[in-house]
> 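The structure that follows is given in the form of structure tokens.
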Amino acid sequence: MKKRLLSLALVSVLALSSIVGCSGKKEKEEKGSVYYLSFKPEQDEQWKALAKAYEEKTGVEVTVVTAASGTYETTLASEIQKDEAPTLFQVNGPVGLATWKDYCYDMSGSDFYKELTSDAYALKDGNAVLGVAYVIESYGIITNKKLLETAGYKVEDITSFAKLKEVAEDITARSSELGFSAFSSAGMDSSSDWRFKTHLANLPIYFEYQADGIGTTTAIKGTYLDNYRQIYDLYINNSTCAPNELAAKTGDDSRNEFLQGKAVFFQNGSWEYGNLVGEGKFADGDITMLPIYVGAGDEAKQGLCTGTENYWCVNKDASKEDIEATLDFMKWCVSADGGARDMAEKLGFVIPFKGASETANVFVKQDMENTAAGKTPVSWNFPTMPSEAWKNALGTALTAYAADQTDANWEAVVKAFVDGWKSEYELLGK
Amino acid sequence: MQEKVIKRYWPIFVIPTLGAFAIGFIWPFIQGVYLSFCSFTTIEKNKWVGLDNYIRALGLDKDFKDPSPLTDSLWFTVAFAIVSIVLINVIAFIFALVLTRGLKGTNIFRTIFFMPNLIGGVVLGYIWKVLINCVLLLVGEPLLALNSTAGFWGLIILMVWQQVGYMMIIYIAGLQSIPESLIEAAQIDGATSMQTLFKIKLPMVMSSITICVFLTLTNSFKLFDQNMALTNGDPANSTTMLALNIYKTFYDRIGASWKGLGQAKAVLFSILVIGISLIQLKATRSKEVQQ
């Protein structure tokens, strides 16, 4: 009997200890710690290196966890309820902030916020600063200069949609002789369709907002959708593959075509720098980025699409020590004697803070050159898109149109764009 | 003696599993049911809204039209369930019959047929997406993203390929447990091989059939990974099954009320799956025979 009791006791001790096993660390509580839930899978390693550097310098523990591509919202929703919740997380703009407002700490009084160069990069709710943009990015048409020269053109030639069309169609006509195509595949697989249903769709929205003098709307008119059609037509009909194959083409397909010199143009953003430049890939001088001309507005003055959808937010529910530690870490990341150089050189970021140093990223440099030459960057208006459902419906309509380019199918795109915008905004408030 | 020991020690064997079940299933389930009466962003920050979510999920709210109601996905799911249950079980049973005949290489074949089961649903979904798109391109049909018929049959092919091996193993076990003497007696009485199959073998493996139909039924209703990876509901949500519909309700639109609606749909969904499984279990149990 005794033996049995003993074994029973042992078993229960074992079971208990496995449950209680993970108890807290005292030291950590005093100094506070940082847990950053990062949005950018392509820069996971670099962030971890930055965190390690900070940890070695200050002894404050910094954990960086990166959500897998396309799962940030779901990961954040589950992580933020844990006892050890992220102290630093991201939202994509005003629409994203609406969801996470209850969790955002007001940074208006912090030293970190004072480092910001312009209030335009803060997400505010009244006077409370709930989010701060930490990186400015640009996208446009990434261009392989050498191939363009082989085809007999120069980058400087392309200054309008008409010229871009002329060049692209000439390359298509001679593609078998040249051995490459104008555009890399405009893949409509979910790994790639955001380049068109979100980023390219920003242009008709931008020009409409400009014409109407507004910054957001619940009822889009679609004034510039014909321009949207023009540029999309150009992409899909002057590409490395037949338009009906686009439904299955992925983001990797498109990038690889560009890397292998099968296409001159590749619509994407400054975040692709690390994927395109390096050993066995392009050198800095080989590539550049052109504005996405759609034949609207003053094309001579049009710059790259520049903006941000990466805002840092600090978790209000974290302990006081952790919030302090997090704000200190953020400040260190963007200050000149801290991580600012790594942010510029290793992550290729342009950061809107006083301590920013010069970046190696050629696309970002291009954007600065354009601005210096008096061109106006196209702002990012896609954070005003009503929902994922809207983007998905637009994506499906675009895919169907690519496979069969009839007016009726384009009507479906217009319907998804204009009517969908209205109905999704109505649903948003429900 | 044995029974006595079991009586005394049952807590040691039961409590760990029961505890895990309570922590990992019962408690989250209770929380889930509670949340279906709330609008919420995260579990902690919720607001009680009563039956609102259920009224919306069932389409009874006049001021609110769900753009992707559960009923839309229900018919697709039911059609999928019927076709896949029949195909998987018939094919698995035929394989089992062939592979219990003592042919050469039986074990190798059993292993190979079982293997697709070891690969995760998402991986399978992406692999088959590439394969099916290639075939569609060759025959000049619209690709998966634009072709709901291909989406349906693609899902069927994928699930049949994945599940036949598993069901086959269960049927093989059932067939092997039939006493030799019964088959021998039937042969001596002059039964043809067809008669032996339908009059002896089938009734004797009824318990295996119960298990297999139960598994395929619940698997088809709960299907998620494969559905998301292969079609993701394209085109225009026409290949969205129930579980994916709930997921999309949750994440396609921002706002606390959408999460509540998704949660209510999820509770309705589990009631449906439990109900169907109980009915099916009762129906096939009554046909089982005692040896």
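Letters A, B, ... are given to chains in the order of the sequence lines, protein chains preceding strands, and every chain is numbered from 1. Only this structure's heavy atoms are used, side chains among them; waters, hydrogens and symmetry mates stay out. Keep in mind it's a predicted model, so treat the numbers as computed, not measured.
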> Step through the shown structure and confirm whether more than 12 heavy atoms of other residues, nucleotides or ligands are within 6.0 Å of NZ on A/K316.
yes
> Could you check whether any side-chain heavy atom of B/Y126 comes within less than 4.5 Å of a side-chain heavy atom of A/T250, counting everything from C-beta outward?
no
> Where does A/D193 contact chain B at under 4.5 Å (heavy atoms): side chain, backbone, both or neither?
neither
> For chain B, which candidate among A/A77, A/A403, A/S423, A/A400 shows the most heavy-atom pairs at distances under 4.5 Å?
A/A400
> A quick test of your reading: do over 12 heavy atoms of other residues, nucleotides or ligands sit less than 6.0 Å from CH2 of B/W75?
no
> Report which part of A/A393 has an atom under 4.5 Å of a heavy atom belonging to chain B: side chain, backbone, both, or neither.
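Neither part, no heavy atoms under 4.5 Å.
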> Quick check: are there more than 12 heavy atoms from other residues, nucleotides or ligands sitting under 6.0 Å from CZ of B/F80?
yes
> Counting only heavy atoms not in A/K262, do more than 12 fall under 6.0 Å of its NZ?
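Open.
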> Could you grab the distance from atom CG of B/N237 to atom CG of A/N392, nearest 0.5 Å is fine?
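That separation rounds to 8.0 Å.
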> What part of A/D189 lies closer than 4.5 angstrom to a heavy atom of chain B: side chain, backbone, both or neither?
side chain
> Do you know the tightest heavy-atom contact between A/Y103 and B/K45?
OH-CG, 3.4 Å
> Would you call A/E424 and B/R253 a salt bridge, taking side-chain N to carboxylate O under 4.0 Å as the test?
yes
> Any ion pair linking A/K391 and B/D252 (charged N to carboxylate O, less than 4.0 Å)?
no
> Looking only at heavy atoms, which of residues 131-148 of chain B get nearer than 4.5 Å to chain A?
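The list, in residue order, reads B/N133, B/L137, B/L143, B/A145, B/L146.
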> Measure A/W100 against the heavy atoms of chain B and call it side chain, backbone, both or neither at under 4.5 Å.
side chain
> Drop me the distance from B/Y251's OH to A/T71's OG1, to the nearest 0.5 angstrom.
9.5 Å
> How long is the straight-line distance from OG1 of B/T42 back to CD of A/E79, given to the nearest 0.5 Å?
13.0 Å
> Return the minimal non-hydrogen interatomic distance between A/L427 and B/K65, and the atom names on each side.
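Scanning both residues completely, I find the closest heavy atoms to be CD2-O, 3.9 Å.
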> If you count heavy-atom pairs under 4.5 Å with chain B, which of A/S387, A/G395, A/A389 comes out on top?
A/A389
